[in-house]
Protein chains: 2
Amino acid sequence: MPEKSTAENVFQNLRSKGLRVTPQREKILQIFMELEEGTHLSAEDLFKVLSGKNENISLATTYRTLKLLSQFGYLRELDFAEGHKHYELNQDKKPHHHIICLNCNKTIEFEDDVIIQIGEKIALERGLELVDIQFKIYAVCPNEHDDESRTHRA
Amino acid sequence: MPEKSTAENVFQNLRSKGLRVTPQREKILQIFMELEEGTHLSAEDLFKVLSGKNENISLATTYRTLKLLSQFGYLRELDFAEGHKHYELNQDKKPHHHIICLNCNKTIEFEDDVIIQIGEKIALERGLELVDIQFKIYAVCPNEHDDESRTHRA
DNA sequence: TTTCGTGCAAACCATTTGCAGCAGC
DNA sequence: GCTGCTGCAAATGGTTTGCACGAAA
C-alpha cells in the first residue's frame, strides 16, 4: 500500500519490478489522478474517456492496465451489483464506503472511521493481513424515477 | 422482508402475486433451507447440487429462480471479487459479514451489530429505504498454499 | 537486443433471452 | 383455458487470451 503515491513513485515501482512504463499506462494513471474525489470508472467508462481524448488505447490494454494497477494497490476494485467492476484511485489507507440506490442506480460515498476500525480489529484478531475493507449499503431512494443506466436490482 | 419465512410462507406470497409454485422452485428453496448456516452457493454450485440429486432443472431455470427469490428478499445476493455471484438464505434481518482471503479464496462469516447499526443509521439519516448491508474484509491469511478454486486476486 | 506490452480478433464464462411446449391455478 | 414457467439453444456482455508486431530498458 503506497502512502502518497505520485505518478513518479508508481512508475519507479513498476520499473523496479521489471515492468515497463508505457504511454498507455501513464495516460490511464493520469486519468484516475485527475478524477474528482469519490469518482469511479468501469473499464468501459475509462475506455470512453480515453477515446474522447483521442487516445487510441485498446479495450484489451484498458483491462490489462486496470488489473495491473489494482494488483499493485494503486487502484481499488469495487463491485456494486451491476455485473461489471468499477475502479477508483486508492489514495490513502482510509477507504470510503458506498450507498447504492437500487432504484436510480446512483452511488453515494461516505466515510466512517468506526467501520474501518472494526475491520482492522477483526483482521488483527484473526492474524490476517488486511487488503481492503468494503462497506456497502443497498437502499432505495425516495426518487420515483428510474434512469436509463442499465439493469439494476441484479 | 419476511420475518421467519417457512417454505409455505414463501409460496403463499408467490401465489398471492400471481406467480406459480413449481417443483423447480420448491426444490431450489428447499436446498437453501437445508444449507448449513453461513453457506452460500453460486448458480453453478446450485446447478451441480441439483444434478447430484438427479433433479433435472435447467441452468436457465436455476438462474431465473435465484433472481426471483432474491427479488422477493428470500435470498441474499453476494458478490465477492470472483466474477460470479453467490446466494445465501436471507433468514433474518441481521445479515452477517464476510472476510474473503485473496490467497486461499475462502470466506469466513462473522456478525457485528455495530456495523448493522451504523448502516441503519446512515440509511435513516438520508431517508433511504434500507435493502441490504454488506461488509467485506479482503485479506490474506497466513496459509502459504494456493488452492485450486479458480482465480482470486481478481 | 531482449523482453515486455500492445492491438486485434477470437475465445471465454457467467448470465439472459426468444420461443414452443407444458403445467399451475 | 389462460398465463406463467420450463428447457433448449442461441445471444449477450464483460473480460481474457493467443499471436505477431512494436517499443521500453
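Side chains included, hydrogens not; waters and symmetry mates left out as well; all remaining heavy atoms used. Numbered from 1 within each chain, the chains take letters A, B, ... in sequence-line order.
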Nearest-nucleotide check on DNA chain D, B/Arg64 vs B/Gly18; residue mapping nearer the 5' end is B/Gly18
Here the distance between atom P of C/dG5 and atom CD of A/Glu26, to the nearest Å, is 14 Å
Quick note, A/Tyr63 side chain, CB onward, closest among D/dT16, C/dG24, D/dT6 is D/dT16
Only residue of B/Lys27, B/Arg25, B/Lys48 satisfying salt bridge (Lys or Arg N to Asp or Glu O under 4.0 Å) with B/Glu55 is B/Lys27
Worksheet item: Does A/Thr22 have a side-chain nitrogen or oxygen under 4.0 Å from the phosphate oxygens OP1 or OP2 of C/dC4?
Response: no
Whole-Å distance, A/His86 NE2 to D/dG14 C1', equals 12 Å
Thinking salt bridges, do A/Asp79 and B/Lys136 make one under a 4.0 Å N-O criterion?
yes
When rounded to whole Å, the CD to P distance for the pair B/Glu55 and D/dC5 reads 19 Å
Next item on the list: State whether B/Lys67 places a side-chain N or O below 4.0 Å from either non-bridging phosphate oxygen (OP1 or OP2) of C/dT16.
Entry: yes
Among the nucleotides C/dT15, D/dT6, D/dG7, whichever has the atom closest to the side chain of B/Arg25 is D/dT6
Note: for B/Gly83 and B/Pro23 on DNA chain C, the residue whose nearest nucleotide lies more 5' is B/Gly83
* To do: Taking atom types as modelled, find out whether B/Thr107 and B/His86 have a side-chain donor-acceptor pair closer than 3.5 angstrom.
  => no
Looking only at C/dC25, D/dT15, D/dT6, the nucleotide nearest the B/Val21 side chain is C/dC25
Does D/dG7 have OP1 or OP2 under 4.0 Å away from a side-chain N or O of B/Thr61? yes
Result for 5'-nearest mapping on DNA chain C, choosing between B/Ala60 and B/Arg20, is B/Ala60
Side-chain contact check for A/Ser58: nearest option of D/dC5, C/dT6, C/dG7 is C/dG7
(message) Using side-chain heavy atoms (C-beta onward) and a distance below 4.5 Å, is B/Tyr87 in contact with B/Glu77?
(response) yes
Has A/Asp132 got a side-chain atom pairing as donor or acceptor with B/Tyr138's backbone, closer than 3.5 angstrom? no
- Query: Hey, does the side chain of A/Gln24 come within less than 4.0 Å of D/dA23's phosphate (OP1/OP2), counting only N and O?
  - Reply: no
